[in-house]
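Some notes on the structure that comes next.
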Amino acid sequence: MQFLKRFSSTFLFLIVITSLGLAIGNRQNIYDWYRLRDYTPSTEIKALATDTRMTDYGRKLFYVHNPQIEDQATFNSTCTHFEQTIVLGCYITHRSIHIYDVTDERLSGIKEVTAAHEMLHAAYDRLSDKERSRVDTMLLDFYESIKSENTRLAETVDSYNERDSSIVSNELHSIIPTEIRTLPKELEDYYGQYFTDRSEVVTYAEKYESVFIQQQQRIESLSQQIKQLELELQSKRVELETEGRAIQAESNRLSELRNNNQVEEYNASVPGYNQRVNRYSSRADVFNGDIKRLNSLIEQFNELAVEQKELNSAIDSRSQQSL
C-alpha cells in the first residue's frame with residue numbers, strides 16, 4: 001500500500017513537472033492565445049493584414065499586438081520615442097502596434113507599408129539569438145551590396161547610425177522587405193514566413209514613394225528652367241538696354257538733322273532707323289513673352305512647393321497643418 005502511495009505521489013509529481021515544462025516551452029503560444037482569445041480585428045485592420053499578404057503567422061504577430069490606426073493626438077500621445085523625426089508607426093515592445101492615420105488620398109498605400117513594417121519589428125523581437133545573428137548577417141551583407149546605388153536607404157541607415165547604431169539591424173529587418181523588390185533567395189525564403197506575396201507590400205511602397213519622387217523631379221526641373229531663363233533674360237535685358245540707348249542716340253541725331261534742315265541726310269537715315277526700331281520692338285516682344293513664361297514657371301514652382309509641404313505635412317503627425 002505504501003508502495004502505491006509513493007508511486008502515485010511520484011507519478012503526480014512527474015505530471016506536474018512535465019506540465020510545467022510544456023507550459024514554459026510553449027509560453028509564447030500561451031501568451032498569444034491569451035491575447036487573442038477575445039480579439040476581433042476591425043475591418044480596416046483586417047484589410048491591412050489581407051492587403052499586405054501576411055501569412056497566418058504574420059497576421060498573428062500583427063493581431064497579438066492589438067494594432068491601432070490613430071489620429072494625430074492619440075498617435076502622438078503614444079508614439080513619443082522619436083520626437084524629432086517623422087514617424088508613421090511605432091511598435092511598443094511586446095505590447096502594441098500603432099499606425100498614424102494618413103488620410104491624404106495621394107498617399108494611399110502608406111498605412112499598408114507601415115503595418116507590415118511594424119509587424120516585422122514584432123517578428124524581429126521573437127527571433128532566437130542564433131536566428132537573429134543569421135538574419136542580421138544576411139541583411140547587412142545585402143545592404144552593403146546595394147547602398148551605393150540606393151542612396152535613400154543609405155541616408156536612412158546613416159541617420160539611424162547617428163542616433164543609435166544598435167537599432168540598424170532591426171530597422172533593416174523592416175525596411176528591406178517592405179521597400180526593396182528583389183532580394184537574395186535566402187532572404188526571400190526567410191520573409192516567406194511573414195508574407196505569402198511580399199511584392200504586394202513593395203508595390204504599395206513604390207506607389208506612394210513615386211508621388212514624392214515625381215513631385216521632387218518636377219520641382220527640380222522647374223527650378224533649372226527658371227534659373228536658365230533668368231540667365232537668358234539677364235543677357236537679353238543688357239542687350240535691349242544697350243540697343244535702346246543706341247536707338248535713343250540715333251533719334252537725337254535725327255532730330256538735330258531735321259532741326260538743322262539737313263533734309264537729305266535725315267531722309268537717308270530714317271529707313272535704317274525705322275528698321276532698327278522694328279527689330280528692337282520685336283526683340284522686346286520676345287523678351288516680354290519670356291518674362292510671362294518665367295512668371296508662369298515661378299507660379300508653377302510655388303504651387304508645387306505648397307503641394308510638397310502639404311504632402312510632408314500629411315505624413316508628419318507633429319505638423320499643425322494635420323489638425
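Below, all heavy atoms of this structure are taken into account, side chains as well, without hydrogens, waters or symmetry copies. Quantities reported herein were computed from a predicted structural model and do not represent experimental measurements.
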Test log, rule side-chain contact (heavy atoms from CB on, under 4.5 Å), inputs K236 and R283: CA-CA 9 Å; K236 289 179 179 179; R283 292 172 64 188; over 6 Å; no
Pair Q234, E230: side-chain N/O donor-acceptor within cut-off below 3.5 Å: no
Check: I247 main-chain N/O paired with S251 side-chain donor or acceptor under 3.5 Å: no
Backbone of N278 reached by a side-chain donor or acceptor of S282 within 3.5 Å: yes
Residue pairs passing the salt bridge (charged side-chain N to carboxylate O under 4.0 Å, His left out) test where at least one lies in residues 103-115, sequence neighbours excluded: E44-K111, D101-K111, D104-R106, R106-E310
Exercise: identify the closest heavy-atom pair between I110 and T114: O-OG1, 2.8 Å
Mutual orientation of the aromatic rings belonging to Y191 and H173 [parallel < 30°, tilted 30-60°, perpendicular > 60°]: tilted
Sidechain-backbone polar pair: S210 side chain, K207 backbone, donor-acceptor under 3.5 Å: yes
Of all pairs that satisfy ring-ring contact (aromatic ring centres under 6.0 Å, His included), the ones with a partner from residues 261-297, not counting sequence neighbours: none
N252-E256 side chain donor-acceptor pair, cut-off 3.5 Å: no
Any donor-acceptor N/O pair, N260 side chain to Q262 backbone, under 3.5 Å: no
Inter-residue atom distance N288.CG - L294.CG, 0.5 Å rounding: 12.0 Å
Closest non-hydrogen atom pair between L120 and P177, with its separation: CD1-CG, 3.5 Å
Trace of the salt bridge (Lys or Arg N to Asp or Glu O under 4.0 Å) decision for K185 with D189: CA-CA 6 Å; K185 184 179 184 305; D189 290 343; 2.7 Å; yes
Modelled atom types, side-chain donor and acceptor of S221 and Q225, under 3.5 Å: yes
Check: S133 side chain, K130 main-chain N or O, donor-acceptor pair, under 3.5 Å: no
Test log, rule salt bridge (Lys or Arg N to Asp or Glu O under 4.0 Å), inputs E265 and R253: CA-CA 11 Å; E265 186 176 353; R253 187 181 76 83; 3.4 Å; yes
Shared hydrophobic cluster, V277 / L240 (ILVMFWY, side-chain heavy atoms < 4.5 Å): yes
S96 side chain to N66 backbone, donor-acceptor under 3.5 Å: no
Exercise: do E220 and Q224 side chains pair donor with acceptor under 3.5 Å: no
Spacing of Q308 atom CD and N312 atom CG [to the nearest 0.5 Å]: 5.5 Å
Residue pair T52, F62: steps toward the side-chain contact (heavy atoms from CB on, under 4.5 Å) verdict: CA-CA 11 Å; T52 54; F62 189 46; over 6 Å; no
Same apolar cluster (I L V M F W Y, side chains within < 4.5 Å links), I175/L127: yes
Sequence neighbours excluded, every pair satisfying salt bridge (charged side-chain N to carboxylate O under 4.0 Å, His left out) that has a member inside residues 267-276: E243-R276
Aromatic ring pairing Y39/Y63, orientation class (parallel under 30°, perpendicular over 60°, tilted between): tilted
Geometric class of the Y100/F75 ring pair [parallel <30°, tilted 30-60°, perpendicular >60°]: tilted
Expected output: side-chain E171 to main-chain V168 donor-acceptor under 3.5 Å: no
Any donor-acceptor pair under 3.5 Å from S313 side chain to K309 backbone: no
Polar side-chain atom of S296 near backbone of K292 as donor-acceptor pair, under 3.5 Å: no
Any donor-acceptor N/O pair, R132 side chain to Y124 backbone, under 3.5 Å: yes
